[in-house]
Protein chains: 2
Amino acid sequence: MSRVNHYLLTVYELAETAGEPVSTGRIADSIGRSPAATTEMVQRLEARGLVDHEPYAGVRLTTAGRDRASELSDSYETICRFFDEVLEIDDHRREAAAVVGTVSPAVVTRLETTLLAPSSSSRADESTQ
Amino acid sequence: MSRVNHYLLTVYELAETAGEPVSTGRIADSIGRSPAATTEMVQRLEARGLVDHEPYAGVRLTTAGRDRASELSDSYETICRFFDEVLEIDDHRREAAAVVGTVSPAVVTRLETTLLAPSSSSRADESTQ
DNA sequence: GGAACGGTTTAGGCTACCCTAAAGCAAAAA
DNA sequence: TTTTTGCTTTAGGGTAGCCTAAACCGTTCC
């Protein structure tokens, strides 16, 4: 996904688990980039109105940022489940993170449908047999 | 996919349909970039040993380039079919182009399996009913 | 042969991202 | 209160990709 989306989703997840404000260091660790690169990207997120950044303290999602991150998170979850349950990919989280934001909402919607109607070849059947 | 892969696959497809050498102008039109950007990328492909570039004439794939492009093409076809036949995405070519090279070979392999065992909710069943 | 034309390449410049090193800040320790 | 410490930000620099405008090349046409 675009770098911006990746950072935004990361902030969202960290905010959910550890609360706000989220420090740039935490984001950097989580996303595997240098603190400097993270500060820079945080400033870009702020310029787009997705987060509020208080220097040396951390960031908080704006309403717009939270909304967008939430959608991203839903898409991520769907893709993740598809990779895990249908395709049985070991590293489904990484794979999902790579494609979320790359595929259109239409693809995500159709994947959701697929998850609701499990194929005869998927592991998702296990619970229905 | 990475830009390099996108250009490489495009060269491969154009070479298949119109033969070599492939002009940079053709590549530019096909990929939707300026001729200048295309020349630049062609030089990068050449630096990586994927194509031979004769200035003002065009490019020819090297053996390494053709091999890699061929794999890319197979992955693209698989993803394309999945998006078309299983997810029924209208713009499946564009969507597929966006994710090929982003997902791992493991995902492509598993998608192939899925295509061989169509789900009850997919259009792929039409031919089997 | 020479000029005009169309496609190609080079020049110069821009944004997005990333890094390391240095500077800055705030909170804890002395 | 001063110093130390740890995290954050800024400074400076690099690569990938893209663009427009200008220079360039080969071919075609006079």
Side-chain angles (χ1 to χ4, degrees), chain A residues 1-12 14-15 17-61 65 68-69 72 94 97-102, chain B residues 1-12 14-15 17-61 65 68-69 72 94 97-102:
Chain A
M1 75 185 100
S2 75
R3 249 53 264 301
V4 164
N5 283 343
H6 197 176
Y7 278 88
L8 184 61
L9 181 53
T10 301
V11 171
Y12 180 81
L14 291 174
T17 56
E20 296 181 316
V22 181
S23 73
T24 53
R26 243 178 209 293
I27 301 168
D29 285 345
S30 182
I31 214 166
R33 289 288 123 80
S34 70
T38 302
T39 295
E40 196 180 320
M41 182 58 89
V42 155
Q43 291 167 346
R44 245 171 248 149
L45 292 177
E46 185 168 47
R48 297 190 188 198
L50 299 171
V51 303
D52 286 325
H53 178 217
E54 189 184 348
Y56 296 99
V59 303
R60 294 169 192 277
L61 289 161
R68 180 158 152 190
L72 233 38
R94 271 194 73 78
V99 304
V100 67
T102 299
Chain B
M1 74 185 103
S2 77
R3 250 52 266 300
V4 165
N5 283 343
H6 196 176
Y7 278 88
L8 183 62
L9 181 54
T10 301
V11 171
Y12 180 81
L14 292 173
T17 57
E20 297 182 315
V22 182
S23 74
T24 54
R26 242 177 209 294
I27 302 169
D29 285 346
S30 181
I31 214 165
R33 290 286 123 80
S34 71
T38 302
T39 295
E40 196 181 319
M41 184 56 89
V42 155
Q43 291 166 346
R44 245 171 247 150
L45 291 177
E46 185 168 46
R48 297 190 188 198
L50 299 170
V51 303
D52 286 325
H53 178 215
E54 189 183 350
Y56 296 100
V59 303
R60 294 170 193 278
L61 290 161
R68 180 159 152 189
L72 233 37
R94 269 194 72 78
V99 305
V100 67
T102 298

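Lettering follows sequence order; numbering is per chain, from 1.
- Under 4.0 angstrom from either OP1 or OP2 of D:dT8 there lies no side-chain N or O belonging to A:His53.
- Toward the 5' end of DNA chain C, the nearer of the two residues B:Glu40 and B:Arg26, judged by each one's closest nucleotide, is B:Arg26.
- Rounding to whole angstrom units, CD of residue B:Glu46 and P of C:dT9 are separated by 10 Å.
- OP1 or OP2 of C:dC17 lies within a sub-4.0 Å distance of a side-chain N or O belonging to A:Arg44.
- Among the nucleotides C:dC17, C:dA11, D:dC18, the one closest to the side chain of B:Tyr7 is D:dC18.
- Minimum atom distance to the side chain of B:Ala36 is reached by C:dA11, of the listed C:dA11, D:dG17, D:dC18.
- Residues A:Val4 and A:Leu50 meet the side-chain proximity criterion, which asks for heavy atoms closer than 4.5 Å.
- Atom CG of A:Leu45 and atom P of C:dC17 are 10 Å apart (whole Å).
- In this structure, B:Arg3 atom CZ and D:dT15 atom P are separated by 20 Å, rounded to whole Å.
- Looking at the side chain of B:Val4, the nearest of the listed nucleotides D:dG17, C:dC19, C:dT10 is D:dG17.
- Closest to the side chain of A:Thr39, out of D:dG17, C:dC18, D:dT10, is D:dT10.
- Considering only heavy atoms from C-beta on, B:Arg68 stays 4.5 Å or farther from B:Leu61 through its side chain.
- Residues B:His53 and B:Gly58 approach most closely at CD2-O, 3.5 Å, considering heavy atoms.
- Taking CD1 of A:Ile31 as the start and OG1 of A:Thr24 as the end, the distance is 12.0 Å to the nearest 0.5 Å.
- At least one side-chain nitrogen or oxygen of B:Thr24 sits closer than 4.0 Å to the OP1 or OP2 atom of C:dT9.
- Rounded to a whole Å, the CD1 atom of A:Ile27 is 14 Å from the C1' atom of D:dT9.
- Across all their heavy atoms, B:Ala69 and B:Leu9 have their closest contact at O-CD1, 4.1 Å.
- Nearest-nucleotide positions on DNA chain C place B:Gln43 closer to the 5' end than the other of A:Met41 and B:Gln43.
- Sorted by first and then second residue, the side chain to side chain donor-acceptor pair (under 3.5 Å) pairs involving residues 26-42 of chain B (not counting sequence neighbours) are B:Glu40-B:Arg44.
- With pairs defined as Watson-Crick or G-U wobble and both atom distances under 3.5 Å, the stems of at least three pairs that touch DNA chain C come out as C:1-30 with D:1-30.
- Among all heavy-atom pairs drawn from B:Val100 and B:Leu72, the shortest one is CG2-O, 3.8 Å.
- Put simply, B:Ser23 has no side-chain N or O that comes within less than 4.0 Å of OP1 or OP2 on C:dG7.
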**Request:** Would you mind building the protein contact string for nucleotides 23-28 of chain D? One character per nucleotide, 5' to 3', B for base within reach (heavy atoms under 4.0 Å), S for sugar-phosphate only, - for untouched.
**Result:** -BS---
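- Nearest approach of A:Ala57 to A:Pro21, heavy atoms of both residues: O-CG, 4.2 Å.
- Taking side-chain N and O atoms only, B:Ser34 has a distance below 4.0 Å to OP1 or OP2 of D:dC19.
- For the atom pair CG (A:Leu45) and CG (A:Asp52), the distance works out to 11.0 Å, reported to the nearest 0.5 Å.
- Between A:Val11 and A:Val59, the shortest heavy-atom contact is CG1-CG2, 3.9 Å.
- Among the atoms of the strands shown, none is found under 4.0 Å from any heavy atom of B:Thr38.
- Close to C:dC18, at under 4.0 Å from its OP1 or OP2, lies a side-chain N or O of A:Arg33.
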